[in-house]
Amino acid sequence: QVQLVESGGGLVQAGESLRLSCAASERSFNTYVVAWFRQAPGKEREFVAALTYDSTTYYSESVKGRFTISTDNPLNTAYLQMNSLKPEDTSVYYCAAGRPRDSYVELASAYDYWGQGTQVTVSS
């Protein structure tokens with residue numbers, strides 16, 4: 001089992017930045033693909049970003065160029081740096097871990113472990 005805990009969400013104005021953190025419970029976290037998803041009320045869970053074993057990154061088109069995923073392995077922590085935030089980024093953000101094949105890194109069903117989510121609200 002990998003326990004994941006997100007933090008860093010909050011209320012910001014459009015154009016501002018936030019950094020989300022995802023703390024993992026064990027060192028084996030560095031053997032997993034890590035990803036961020038988000039889910040707004042009434043909507044499906046949406047892929048945001050992923051980082052694979054070989055440091056390949058994936059981003060949704062809506063966040064590419066604004067968000068950056070990274071990890072700090074000694075701290076067993078993943079991050080999502082969110083710049084130039086827009087109101088449409090408002091959502092609950094979840095970190096996830098798993099071992100999907102490259103073709104499945106954008107699919108929520110490919111991940112075995114999930115955090116509890118952290119709310120990000122971006123006002124106009």
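Reckoned from all heavy atoms, side chains included, excluding hydrogens, waters and symmetry mates.
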S.K.: Could you grab the distance from atom CZ of R45 to atom OG of S91, nearest 0.5 Å is fine?
M.R.: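 Those atoms lie 9.0 Å apart.
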S.K.: Checking side chain to side chain contact (heavy atoms under 4.5 Å, CB included) for the pair Y53/V33: CA distance, chi angles, key distance, verdict?
M.R.: CA-CA 6 Å; Y53 319 107; V33 174; 3.6 Å; yes
S.K.: Treating Ile, Leu, Val, Met, Phe, Trp and Tyr as nodes and any side-chain heavy-atom pair under 4.5 angstrom as an edge, say whether V105 and L4 lie in one connected cluster.
M.R.: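 Different clusters.
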S.K.: Step by step, would you call V34 with I69 a side chain to side chain contact (heavy atoms under 4.5 Å, CB included)?
M.R.: CA-CA 9 Å; V34 298; I69 186 172; 4.2 Å; yes
S.K.: Should we say atom CD of E44 is surrounded by more than 12 heavy atoms from elsewhere, each under 6.0 Å from it?
M.R.: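 No, because the 6.0 Å sphere around CD of E44 holds 12 heavy atoms or fewer from other groups.
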S.K.: Evaluate W36 against C22 for side chain to side chain contact (heavy atoms under 4.5 Å, CB included), listing each step before the verdict.
M.R.: CA-CA 9 Å; W36 290 91; C22 175; 3.7 Å; yes
S.K.: Tell me whether Y113 shares a hydrophobic cluster with L51, the cluster being built from Ile, Leu, Val, Met, Phe, Trp, Tyr side chains joined at under 4.5 Å.
M.R.: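 Yes; L51 is reachable from Y113 via cluster members.
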S.K.: T118 side chain to E6 main-chain N or O, any donor-acceptor pair under 3.5 Å?
M.R.: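 Answer holds: no.
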S.K.: So how far is it from D89 CG to S62 OG, rounded to the nearest 0.5 Å?
M.R.: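 Between atom CG of D89 and atom OG of S62 there are 7.0 Å.
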S.K.: Under the criterion side chain to side chain contact (heavy atoms under 4.5 Å, CB included), I'd like the reasoning laid out for R38 against L80: C-alpha separation, chi angles, the key distance, then a yes or no.
M.R.: CA-CA 12 Å; R38 64 189 183 186; L80 185 68; over 6 Å; no
S.K.: To the nearest 0.5 Å, how far apart are NZ in K86 and CD in E16?
M.R.: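 Between K86 NZ and E16 CD, I get 15.5 Å after rounding to 0.5 Å.
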S.K.: Roughly how far, to the nearest 0.5 Å, is the OH atom of Y59 from the NZ atom of K64?
M.R.: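 Rounded to the nearest 0.5 Å, the NZ-OH separation comes to 10.0 Å.
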S.K.: Can you name the nearest heavy-atom pair linking V2 to F29, along with the distance?
M.R.: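 Nearest pair, atom of V2 first, then F29: CG1-CD1, 4.3 Å.
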S.K.: Might you point out which heavy atoms bring G98 and Y111 nearest each other, and give the distance in Å?
M.R.: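 So the minimum-distance heavy-atom pair works out to N-CD2, 3.6 Å.
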S.K.: Answer whether the closest heavy-atom distance between the side chains of L85 and F67 falls below 4.5 Å.
M.R.: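 Yes; the side chains approach each other to less than 4.5 Å.
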S.K.: What's the separation between atom OH in Y93 and atom CD in Q39, rounded to the nearest 0.5 Å?
M.R.: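 One gets 12.0 Å once the value is rounded to the nearest 0.5 Å.
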S.K.: Quick one: list whatever passes side-chain contact (heavy atoms from CB on, under 4.5 Å) with T90, sequence neighbours left out.
M.R.: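 With neighbours one apart ignored, the set is Q119, T121, V122.
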S.K.: Report the distance from atom CD of Q116 to atom SG of C95, rounding to the nearest 0.5 Å.
M.R.: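 Separation between the atoms: 7.5 Å.
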S.K.: Does some side-chain heavy atom of D112 sit less than 4.5 Å from a side-chain heavy atom of R99?
M.R.: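 SC-SC contact between R99 and D112 ruled out.
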S.K.: Under the 3.5 angstrom rule, does the side chain of Y94 hit a backbone N or O of A35 as a donor-acceptor pair?
M.R.: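 No; judged by distance alone, with no hydrogens or angles, the pair does not exist.
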S.K.: Kindly give the heavy-atom pair with the smallest separation between W114 and F37, and that separation in Å.
M.R.: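 The pair with the smallest heavy-atom distance is CH2-CD1, 3.5 Å.
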